[in-house]
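To start, the structure under review is shown below, and the notes come after it.
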There are 2 protein chains.
Amino acid sequence: MTINEKITFTETSPEDRSLAIREALRNAIIDRRLTPGTKLSESEVGSLFDVSRTVARAALQMLAFEGLVKTERNRGAFVSNPSPEEAKQIFASRRLIEPGIVAAAIERITPADIEQFRRQLEEEERYMNERGPAARRAEIKASGDFHLMLASVAGNLILQKFMDELVARSSLVIALYGRSGVSSCGHAEHSAILDALEKGDGRQATQLMIHHIDHIEADLDLQLKQGLGLKDALALT
Amino acid sequence: MTINEKITFTETSPEDRSLAIREALRNAIIDRRLTPGTKLSESEVGSLFDVSRTVARAALQMLAFEGLVKTERNRGAFVSNPSPEEAKQIFASRRLIEPGIVAAAIERITPADIEQFRRQLEEEERYMNERGPAARRAEIKASGDFHLMLASVAGNLILQKFMDELVARSSLVIALYGRSGVSSCGHAEHSAILDALEKGDGRQATQLMIHHIDHIEADLDLQLKQGLGLKDALALT
DNA sequence: AATCCCAAGATTGCATACGATTTATCCACA
DNA sequence: TGTGGATAAATCGTATGCAATCTTGGGATT
């Protein structure tokens, strides 16, 4: 797979172009337009975005830092190919952090937030009922955005950054090991969590969140490719 | 404050020099040899380590990503000056993550690990009983290393990276807002946590960890400088 | 036919150069 | 004496060039 479609800037970036490129690549990765193993060469990225290798390189470095990209010395950058072990660690981390985020969010959530969440869930549902890869991608993205909005409401910027990374990497993991239509039940669970938040029932909200994460991970097929280090390497190129 | 002492490479780095520079600067920051607000100009860092601005810049970008350094466009990089609000968020994050790390560590800790922890605690104690700024610095570093070792034993690389960041940033916070001789009681608490781990008493170990974090945060003076945005800005230069 | 080796091409690692922006200095002027 | 503005210095943002390293393809040898 190569980068064949022109990736558009979502906004005119007056400055800090490497940040904009990072965002564009991030979106492409969590959208699965760039699949694990895809090579991201500095010159190719640079010419796609009409910048020099220097700034392309900076964007790739940032992505490497958050684990979405792996760089090999003198070889280049590749979209990460998380191992089952990594996948487990990602979800273990989420199980640790997200209940805390729910607990913090329930203290700070406002009616306006609730309203925004409802709109978000409607969007999820809309994509859920559509067919086609584009809708599927949008659904995955919207599903992740629910968790990120929650982190945003919680009001802890550090945890928010961690969740940014974890949600993005989860998306990669689901792309690799996902078994079914990802969030067919996920959407209902998001709804239930939001209901609990609205009622102010923190205990239930955190419980629902834990189960939600359990369900996402349960939908993965982490055993199959466990011992296939060689095949993984082959899949890389 | 300027960078006036030659910072030595801990190891001969055959390659990936930016990583080595990042490590050296990281250590200098958590050791408080570089205090919050210190400017880290690309050329200065570069010439100190005998590299070009390109690689110095890469190191600074990494530090900015983990929150130890803040960059301002066209102005440069400065050692972070965390606000009281940031400090609270850092400790809130630790309260969320570290109990989970303790719980994971107790499942995996080996007698060899215990032995290593004991040696680590002896070192803490040695520095605690010494006087002088160098010993104080070493004590702070050793105290943080206890938490990082725990994260390492827990075996989750993602959480380990998060803790790396949180411990380093905590060190900055303590430098800014710390009230007393930091870990006079901290050492005893580390010992107690280790004892609980050795006994296999997970419930007690996590409780002790939570209290330990509470105590560290309680030792901070976060109210005083809360409204002084202006003075903070002044302290920057 | 399979294997090994070497050279050509491609890509990264790094240094340097130049324009843009910010900061500092100094002089004019009120 | 203090203020304003213009010029100079310093620093960053970015592009580009060269050397080092890796990959690839072809040809010779067994």
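Lettering follows sequence order; numbering is per chain, from 1.
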Original post:
salt bridge (charged side-chain N to carboxylate O under 4.0 Å, His left out) with B:D31: which residues, sequence neighbours excluded?
Top reply: B:R33
Original post:
Of all residues at least two apart in sequence or in a different chain, which pass the salt bridge (charged side-chain N to carboxylate O under 4.0 Å, His left out) check with B:E66?
Top reply: B:R22, B:R26
Subject >> Distance in angstrom units between A:I21 CD1 and D:dG13 P, rounded >> reply: 15 Å
**OP:** Using salt bridge (charged side-chain N to carboxylate O under 4.0 Å, His left out) as the criterion, list what pairs up with A:R169, not counting sequence neighbours.
**Re:** A:E86, A:E165
Subject >> Residues forming a salt bridge (charged side-chain N to carboxylate O under 4.0 Å, His left out) with B:R131, sequence neighbours excluded >> reply: none
Original post:
Taking CG from A:L19 and C1' from D:dG13, how many angstroms apart are they, rounded to a whole number?
Top reply: 13 Å
Original post:
What's the CG-P distance between B:D50 and C:dG13, to the nearest Å?
Top reply: 21 Å
Original post:
Can you list the residues that meet the side chain to side chain contact (heavy atoms under 4.5 Å, CB included) rule with A:R126, with sequence neighbours excluded?
Top reply: A:E123, A:E130
Original post:
What does nucleotides 5-11 of chain D look like as a protein-contact string, B for base, S for sugar-phosphate only, - for none, at under 4.0 angstrom between heavy atoms?
Top reply: ------S
Subject >> Within residues 52-60 of chain B, residues whose heavy atoms come under 4.0 Å of DNA chain D >> reply: B:R53, B:R57
**OP:** In whole angstrom, give the distance that lies between atom CZ of B:F49 and atom C1' of C:dA15.
**Re:** 18 Å
Original post:
Would you say B:S52's side chain and B:T54's backbone share a donor-acceptor pair under 3.5 angstrom?
Top reply: yes
Subject >> pair A:E44-A:K39: side-chain heavy atoms closer than 4.5 Å >> reply: no
Subject >> Pairs meeting criterion ring pair (Phe, Tyr, Trp, His ring centres under 6.0 Å) with involvement of residues 131-150 of chain B, two or more places apart >> reply: B:F117-B:F146, B:F146-B:H190, B:H147-B:H190, B:H147-B:H212
**OP:** Quickly work out the A:R73 CZ to D:dT21 C1' distance and round it to whole Å.
**Re:** 9 Å
Original post:
What is the distance, rounded to the nearest whole Å, between atom CZ of A:R17 and atom C1' of C:dA20?
Top reply: 12 Å
Original post:
At how many degrees, to 10°, do the end axes of the helix from C:dA1-D:dT30 to C:dA30-D:dT1 meet when each uses five pairs?
Top reply: 10°
**OP:** Not counting sequence neighbours, which residues clear side chain to side chain contact (heavy atoms under 4.5 Å, CB included) with A:L157? List them please.
**Re:** A:Q160, B:Q89
Original post:
What pairs with A:F65 under ring pair (Phe, Tyr, Trp, His ring centres under 6.0 Å), at least two apart in sequence or on another chain?
Top reply: B:F65
Subject >> Results of side chain to side chain contact (heavy atoms under 4.5 Å, CB included) for A:A87 - residues two or more places apart only >> reply: A:V173, A:L222
